[in-house]
Every structure is written in C-alpha cells, then in structure tokens.
Amino acid sequence: MQQILIVDDEPKITRLVRDYLENAGFRVTIARDGHEALMRARTERPDLIVLDLGLPGVDGLDVTRALRRDTGLPIIMLTARAAEADTVVGLELGADDYVTKPFSPRELVARVRAVLRRREADAGIAILRAADLSLDLGRMRVEAAGRRIDLTPSEFALLAAMARQPGRVFTRSQLLDAIHGVAFESYERAIDAHVKNIRRKLEPDPRRPRYLLTVYGVGYRLTDA
C-alpha cells in the first residue's frame, strides 16, 4: 500500500484529505509543521507528500527546498495564497503539482494518482534518446552528453513526453495532458515553471537553450539534432 504524508496545520483539512486518500486505498500519515514534515519524510520515506505552503515556522517552500537537496520524493503543494508567484516559486524549487484552497478532495486524489502513475508507468521500459540526451525511464535518470542531470518526477515526465517524439511541437495544454493525464487551462503557467527549471539544470547556457526549445506563440519542442 502506498503511503502519503499530509503536511498541514489545519485539523479540518488534514482530516478531510486523510479520509479521501484512505478511501482511495492509500496509507496516510500526518505532520503538523515543517520540522515534523522533514523528520517524517526522511524516516518514513512516503511515496508522496501533500504539502501546505502556509506552515508555521519552516514553511512549505523551505520544506520543498530542503527535500530537493537530497530526494526526488513527489510533492503536491496545497496553497491558499492568492499570489501566483508563491506557486511558481514552489514549482521552480521542484514541486510536482499544486492545488489551490479551497479545493475538491476528489481532484486532489486524482492528482496524487496521476503523479504516482507517472513514476510507475515507465518502470522497466527502455531508454529514450534525442540528440545527445539519454533518458533511462526505469531509473528516471537523464544524461546530456554524458553529464548526469537530476530532475524531479514531473520534470522528468515532461522531458520524457517530449523525448518520445523529438522535434514535435507541444502546446502547454498538450504537455499538461502528458504529465497530469488531464489538461487544466489555469495550470498552464506551471509548464513554463517546469521548463525554466529543466533548462537551468540541463542547458549549458539556459539563456540560449540547445535542447528544450521555445516555439513562440505555440509551446515547446525537444531538439532532434
């Protein structure tokens, strides 16, 4: 049974999310603040974290930053913050997805399943290649000209979706559909945040990308040469 760690200081939220996730077949543990979240994440090794940004003490962005230094553990952010910048920062730090409060518990469960499904779908499948890029789908490893690139699960899924058809132009909506399983127009800004993060890690010069290219007015494509 897959384990989900819920990190939120609001008892009503944690009870609601716990009940829906347990009814969906997950095992659930709860942390009330950032320090407890980091401790549980490192000792219990959950399969995914549902993480509130507005935590007391160590907030959700700091938790994400700390986890991303040594783990690729999938993270879905819960945020009541109106400022879009907070969500974009969270995605750029390496969160895989976000849900804004108030939210539909069923949508949250669907997003949890989608993130976990992406991680499992490619297990045992072969290696994808595009130009001098190599993506080991089973191990979720990326190399560029022999250089190891560490990506989050959603970053890897986005790059793998494009590597299956190098040279093809993908709209943001199509990329959302590829990594989430369903397109949400309001989340298209998330694709830009993931692309920025991938370029920072992958490109020799992110200001002049050679792998992940922008097609202005349309979307993005992965080089095939």
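The two residues Phe26 and Arg113 make their nearest non-hydrogen contact at CZ-CG, 3.9 Å. Heavy atoms only, all atoms of each residue included: Ala95 and His194 are closest at O-CE1, 3.4 Å. Val63 and Gly34 make their closest contact through CG2-CA, 3.6 Å (heavy atoms, listed as atom of the first residue, atom of the second, distance). Residues Leu38 and Ala66 share a closest heavy-atom pair of CD2-CB, 3.8 Å. Nearest approach of Ala131 to Thr223, heavy atoms of both residues: CB-CG2, 4.1 Å. Pairing each heavy atom of Arg68 with each of Pro74, the nearest pair is NH2-CA, 4.2 Å.
Heavy-atom contacts from other residues, nucleotides or ligands closer than 6.0 Å to NZ of Lys196 number 12 or fewer. Environment of CZ in Arg148: crowded, with over 12 heavy atoms of neighbouring residues, nucleotides or ligands closer than 6.0 Å. Heavy-atom contacts from other residues, nucleotides or ligands closer than 6.0 Å to CZ of Arg147 number more than 12.
With values rounded to the nearest 0.5 angstrom, Arg32 atom CZ is found 9.0 Å from Ile6 atom CD1. Put simply, CD on Glu36 and CD1 on Ile30 are 9.5 Å apart, with the number rounded to the nearest 0.5 Å. In this structure, Leu55 CG and Glu10 CD are separated by 10.0 Å, a value rounded to the nearest 0.5 Å. Thr79 OG1 to Leu51 CG: the interatomic distance, rounded to the nearest 0.5 Å, is 10.0 Å. Atoms CG and CD1, from Leu73 and Ile49 in turn, are 4.5 Å apart once rounded to the nearest 0.5 Å. Rounding to the nearest 0.5 angstrom, the gap separating the CZ atom in Arg164 from the CG atom in Leu222 is 12.0 Å.
Distance alone, capped at 3.5 Å, places no donor-acceptor pair between the Asp52 side chain and the Val7 backbone. Glu22 places no side-chain N or O within donor-acceptor distance of the main-chain N or O of Val28, the cut-off being under 3.5 Å. Although no hydrogens or angles enter the test, the distance criterion places a donor-acceptor pair under 3.5 Å between the side chain of Asn23 and the main chain of Asp19. In this structure, the side chain of Asp97 does not engage the main chain of Ile76 through any donor-acceptor pair within 3.5 Å. Checking side-chain atoms of Asp47 against main-chain N and O of Gln3 turns up a donor-acceptor pair under 3.5 Å.
Residues Arg172 and Val195 fail the side-chain proximity criterion, which asks for heavy atoms closer than 4.5 Å. Between Arg199 and Thr214 there is a side-chain heavy-atom pair separated by less than 4.5 Å. With a 4.5 Å cut-off on side-chain heavy atoms, Pro46 and Arg40 do not count as touching. For the pair Met162/Arg168, no side-chain contact is recorded, criterion being any heavy-atom separation below 4.5 Å from C-beta on. The closest side-chain heavy-atom distance from Tyr220 to Asp192 is below 4.5 Å. Side-chain contact between Phe156 and Leu137 is present, with heavy atoms from C-beta onward closer than 4.5 Å. Between Leu108 and Tyr20, the closest side-chain pair of non-hydrogen atoms is not below 4.5 Å.
Look at Arg18 and Asp8 and you find no salt bridge, because none of the NZ, NE, NH1 or NH2 atoms lies under 4.0 Å from a carboxylate O. Ion pair Arg27/Glu44 not flagged as a salt bridge, since none of the NZ, NE, NH1 or NH2 atoms sits closer than 4.0 Å to an Asp/Glu carboxylate oxygen.
Scanning for side chain to side chain donor-acceptor pair (under 3.5 Å) contacts around Lys201 gives Glu155, with sequence neighbours left out. Shown here are the side chain to side chain donor-acceptor pair (under 3.5 Å) partners of Arg45, two or more places apart in sequence or in another chain: there are none. Residues passing the side chain to side chain donor-acceptor pair (under 3.5 Å) test with Asp62 are Arg65, sequence neighbours excluded.
Only one option out of Asp136, Leu135, Leu128 pairs with Val142 in a side chain to side chain contact (heavy atoms under 4.5 Å, CB included); it is Leu135.
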**OP:** For the pair Asp132 and Tyr211, evaluate side-chain contact (heavy atoms from CB on, under 4.5 Å) and give the outcome as yes or no after the intermediate values.
**Re:** CA-CA 9 Å; Asp132 59 5; Tyr211 296 109; 2.8 Å; yes
**OP:** Verify side-chain contact (heavy atoms from CB on, under 4.5 Å) between Leu53 and Leu61, making sure each step is shown before the conclusion.
**Re:** CA-CA 6 Å; Leu53 287 188; Leu61 293 179; 3.8 Å; yes
**OP:** Evaluate the side-chain contact (heavy atoms from CB on, under 4.5 Å) criterion for residues Asp33 and Val58: first the C-alpha distance (whole Å), next the side-chain angles of each, then the deciding distance (0.1 Å), finally the verdict.
**Re:** CA-CA 7 Å; Asp33 58 43; Val58 179; over 6 Å; no
Original post:
How far apart are the C-alpha atoms of Leu158 and Phe170, what are their side-chain angles, what is the distance that settles it, and do they pass the side-chain contact (heavy atoms from CB on, under 4.5 Å) test?
Top reply: CA-CA 11 Å; Leu158 190 152; Phe170 289 84; over 6 Å; no
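In this structure, Leu213 is not a member of the same hydrophobic cluster as Leu151, with clusters built from ILVMFWY side-chain heavy atoms closer than 4.5 Å.
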